[in-house]
Protein chains: 2
Amino acid sequence: MTTIKDVAQEAGVSVATVSRLLNDTGVVHPETAARVTAAIQKLSYEPNLLARNFRRSESRVILILCPNITNPYYVHILAGIGDVFNELGYSAVIFNTSDAPEREREALEMLKRHRADGVILMANTLSSQEFKEYADQFPLVQCSEYDPNLQLARVSIDNYLATQEAIEYLVSLGHRRIATISSENNYLSTHLRKQAYLDTLQRYNISLSDEYIKHASYDYSFKSGKMKAKELLTTDPMPTAIFCISDTLALGAVIAAQELGYRVPEDVTVIGFDDVEHTTMFHPFITTVAQPCYELGRHSAELLFTQISHASDYTREVVLPHQLIIRESSAPPLILD
Amino acid sequence: MTTIKDVAQEAGVSVATVSRLLNDTGVVHPETAARVTAAIQKLSYEPNLLARNFRRSESRVILILCPNITNPYYVHILAGIGDVFNELGYSAVIFNTSDAPEREREALEMLKRHRADGVILMANTLSSQEFKEYADQFPLVQCSEYDPNLQLARVSIDNYLATQEAIEYLVSLGHRRIATISSENNYLSTHLRKQAYLDTLQRYNISLSDEYIKHASYDYSFKSGKMKAKELLTTDPMPTAIFCISDTLALGAVIAAQELGYRVPEDVTVIGFDDVEHTTMFHPFITTVAQPCYELGRHSAELLFTQISHASDYTREVVLPHQLIIRESSAPPLILD
DNA sequence: CTGTTAGCGCGTTCAA
DNA sequence: TTGAACGCGCTAACAG
């Protein structure tokens, strides 16, 4: 293994000079620089990052805590984060937490051992108190979900507003019997979307029925969406529109309707959330609230990097724009009450 | 920051003793051990991995080169690799290569700088010669795709045999006009599957038509599958079966058929490859050749770890079993020639 | 503009 | 069974 010492010897200079050239810190005479560069070439020297990172006391690794890599929603966020940090010379380690506090804790503990310089969390299952202890010690950014009790860095869309717009759209179409498929998970986005659904209906004096509110599996599985939709579609009176808090759920609802002999959107309108690829695979293409996933990732990464760089002051809240994308699965109800 | 020195001082022993206890190397008197453990607790000491890794000259990081994280096929492989290495205390860094040689080279160069201890590649775009130079220097495993010119560690299924069985199944159903949607990429699996398709038809004396062989996009996009299927379905005579080398392609083919007013499997049989989740989302559920993705990942990880551990001798080739899963998209042709 | 030198925190001889 | 001491490769004072 060739070290900086070998290069120095070969070039007839001191290690300090080589280091200066390598890191572009301090001035070095052009002629000397040339000799050093030649030596580096000749010995095909590569700096040992293990030593450098140790010396600098930084790992150049960042951690990403993700509840479930399998979920296509997260994939583009991961891509966004990865692109930013790769450019910066950092490695991103993805940790699958499965929403288990132990797993999350285990990952976070790595920060204490200098295994990573910072962390981006897609979801948090720890108590606000425990979570805060980590956030106080290490650079940390919450992406897409966040703890509302804490004033920590976060990047997300405005879930409440986005849902409100979606429901208003349904109302403007003439729908009055509007159901929702929420989730049994505890995410803030889930609560916000449900609350916006309730509030908006109330604002329009539309009566709510508990039977119109279903909760699919915590991970928004297609199967559970299909099952809950079937429950909804066999309710009397049947809803004319179903607002699903994820596209996978919406896909399940569309299939459920078809299996029961209903047409989408003629007999029932279905709208989703996120705008993952599947929404435009089959007809009817699904009307949905799009999230800027890749940008969510990029912004989170940039926010984390400014924290890592010890920027004294950094943005705490980044809210990115959502967009209601009207496609084929929504239409006015055939029968108006 | 509390170091091993602080612990030693607190416990009234030398750093060597603390280190011995920490790493379970050498014997330490129970009473001393207790004192040290107490000191560690009291100071809530955490070993600095930066220093440890530097000293041991290992990064405890492994690299995964993946052409495209977005592809659901890779996700379970990644999960398998991640599970194995997490248990071993390693971090896995996923690198998206987009099948670009520069990106791949860039990632591989990180090994020279001790940024990672080994690498698993899902695909390789470098020349055999250049690739070999890396493989000779560093622990390396090829997962799912591999360079047939080199005798390097690899884990995959038998693509040729799997395809042969799929085609034989179609023949046994009575199909004679069998088309294929391959890909324009250069993967070994693509070649193998196409060759097996050709060879098997020839073995059954079934005439081949160039018009029955289509090449979808390099990344098996749904859209390109749909487009190529439409070309196939407007060919005269129309094929009665389409063998697709990926499930996404098969999904595209099913939709294409439906859009053209054909029923699957009555009018045309479609079979896919990989067995990703989507195959059982919509009816008809898709007949496909299943790959044990998670296990592919696990085996690759284990193989890499034995290499990293300097095991003098390790397995070079691991071939995992595939399985033809017959579902709803395949049936005998209505009209026999 | 360049060289000398002191550690960073840890694991590991070697001697006791 | 334990401790003293060295050095891994690098960066950054500091002196010149």
Side-chain angles (χ1 to χ4, degrees), chain A residues 1-40 43-61 89 110-117 309-310, chain B residues 1-40 43-61 89 110-117 309-310:
Chain A
M1 188 190 174
T2 82
T3 73
I4 198 172
K5 212 171 159 184
D6 302 323
V7 175
Q9 215 151 25
E10 173 72 29
V13 298
S14 75
V15 291
T17 303
V18 181
S19 176
R20 268 190 289 261
L21 184 70
L22 244 32
N23 300 294
D24 195 27
T25 153
V27 202
V28 15
H29 193 86
E31 272 183 27
T32 321
R35 280 216 315 287
V36 174
T37 310
I40 289 175
L43 304 178
S44 50
Y45 165 74
E46 303 269 353
N48 183 337
L49 261 29
L50 252 19
R52 173 180 291 175
N53 292 341
F54 168 50
R55 179 58 234 254
R56 291 189 181 157
S57 194
E58 64 178 12
S59 64
R60 291 248 153 192
V61 166
M110 293 178 29
L111 290 163
K112 292 191 182 158
R113 307 163 79 107
H114 294 262
R115 183 83 237 227
D117 298 337
S309 310
H310 305 108
Chain B
M1 187 188 174
T2 82
T3 72
I4 198 172
K5 210 170 160 184
D6 302 323
V7 175
Q9 216 151 24
E10 173 73 27
V13 298
S14 75
V15 292
T17 303
V18 181
S19 176
R20 270 189 287 261
L21 184 70
L22 245 31
N23 300 294
D24 196 27
T25 153
V27 201
V28 15
H29 192 87
E31 272 183 28
T32 321
R35 280 216 315 288
V36 174
T37 310
I40 289 175
L43 304 179
S44 50
Y45 164 74
E46 303 268 354
N48 183 336
L49 262 29
L50 252 20
R52 172 179 291 175
N53 292 341
F54 168 49
R55 179 59 234 258
R56 292 189 179 156
S57 195
E58 65 177 12
S59 64
R60 292 249 152 190
V61 167
M110 292 179 26
L111 290 162
K112 292 191 182 158
R113 307 162 78 107
H114 294 261
R115 184 81 235 227
D117 298 337
S309 309
H310 306 109

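Just so it is clear: chains get the letters A, B, ... in the order the sequence lines come, proteins before strands, and each one is counted from 1.
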Atom pair distance, as rounded to whole Å: [atom1] in [X] and [atom2] in [N]:
{"X": "B:Asn53", "N": "D:dG9", "atom1": "CG", "atom2": "P", "result": "15 Å"}
{"X": "B:Leu22", "N": "C:dG9", "atom1": "CG", "atom2": "C1'", "result": "12 Å"}
{"X": "B:Lys5", "N": "D:dA4", "atom1": "NZ", "atom2": "C1'", "result": "12 Å"}
{"X": "A:Asn23", "N": "D:dA12", "atom1": "CG", "atom2": "C1'", "result": "10 Å"}
{"X": "A:Gln9", "N": "D:dC10", "atom1": "CD", "atom2": "P", "result": "14 Å"}
{"X": "A:Glu58", "N": "D:dG9", "atom1": "CD", "atom2": "C1'", "result": "15 Å"}
{"X": "B:Arg20", "N": "D:dA4", "atom1": "CZ", "atom2": "P", "result": "11 Å"}
{"X": "B:Asn48", "N": "C:dC10", "atom1": "CG", "atom2": "C1'", "result": "8 Å"}

Q: Look up atom CG in A:Asn53 and atom NE2 in B:His114, then write down how far apart they are to the nearest 0.5 Å.
A: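 Answer rounded to 0.5 Å: 12.0 Å.
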Q) Would you say A:Val61 and A:Met110 make side-chain contact, with heavy atoms under 4.5 Å? A)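 Sidechains of A:Met110 and A:Val61: no contact.
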[N] phosphate, OP1 or OP2, under 4.0 Å from [X] side-chain N/O:
{"X": "A:Thr3", "N": "D:dG9", "answer": "no"}
{"X": "A:Ser14", "N": "C:dT4", "answer": "no"}
{"X": "B:Arg52", "N": "C:dG11", "answer": "yes"}
{"X": "B:Thr17", "N": "D:dG3", "answer": "yes"}
{"X": "B:Arg55", "N": "D:dC8", "answer": "no"}

Q | Nearest-nucleotide 5' precedence on DNA chain C, B:Ile4 against A:Glu31 | A |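 Its nearest nucleotide lies further toward 5', so the answer is A:Glu31.
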Name the closest nucleotide to the [X] side chain, picking from [options].
{"X": "B:Thr25", "options": "C:dG3, C:dT12, C:dG11", "value": "C:dT12"}
{"X": "A:Ala16", "options": "D:dA12, D:dT2, C:dT2", "value": "D:dA12"}
{"X": "A:Met1", "options": "D:dG9, D:dG3, C:dG9", "value": "D:dG9"}
{"X": "B:Val27", "options": "D:dC10, D:dA13, D:dT1", "value": "D:dT1"}
{"X": "B:Val13", "options": "D:dC10, C:dT4, D:dG3", "value": "D:dG3"}

Q: Find which nucleotide of DNA chain D each of B:Val15 and A:Ala51 is nearest to by heavy atoms, and output the residue with the more 5' nucleotide.
A: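 Nearest-nucleotide comparison on DNA chain D picks B:Val15.
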Q) Stacking between B:Phe54 and the base of C:dC10 (centre distance under 5.5 Å, interplanar angle under 30°)? A)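 One would not call B:Phe54 stacked on the C:dC10 base.
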Q. Which heavy atom in B:Val15 sits nearest to a heavy atom in B:Ile4, and how many Å separate them?
A.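 Nearest pair, atom of B:Val15 first, then B:Ile4: O-CD1, 3.8 Å.
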Q. Would A:Ser59 and A:Asp117 count as having a side-chain donor-acceptor pair, cut-off 3.5 Å?
A.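 Present: a donor and an acceptor within the cut-off.
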Q) Counting only N and O atoms by type, is there a donor-acceptor contact under 3.5 Å from the side chain of A:Arg35 to the main-chain atoms of A:Ala11? A)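 Looks like yes, one N/O pair under 3.5 Å.
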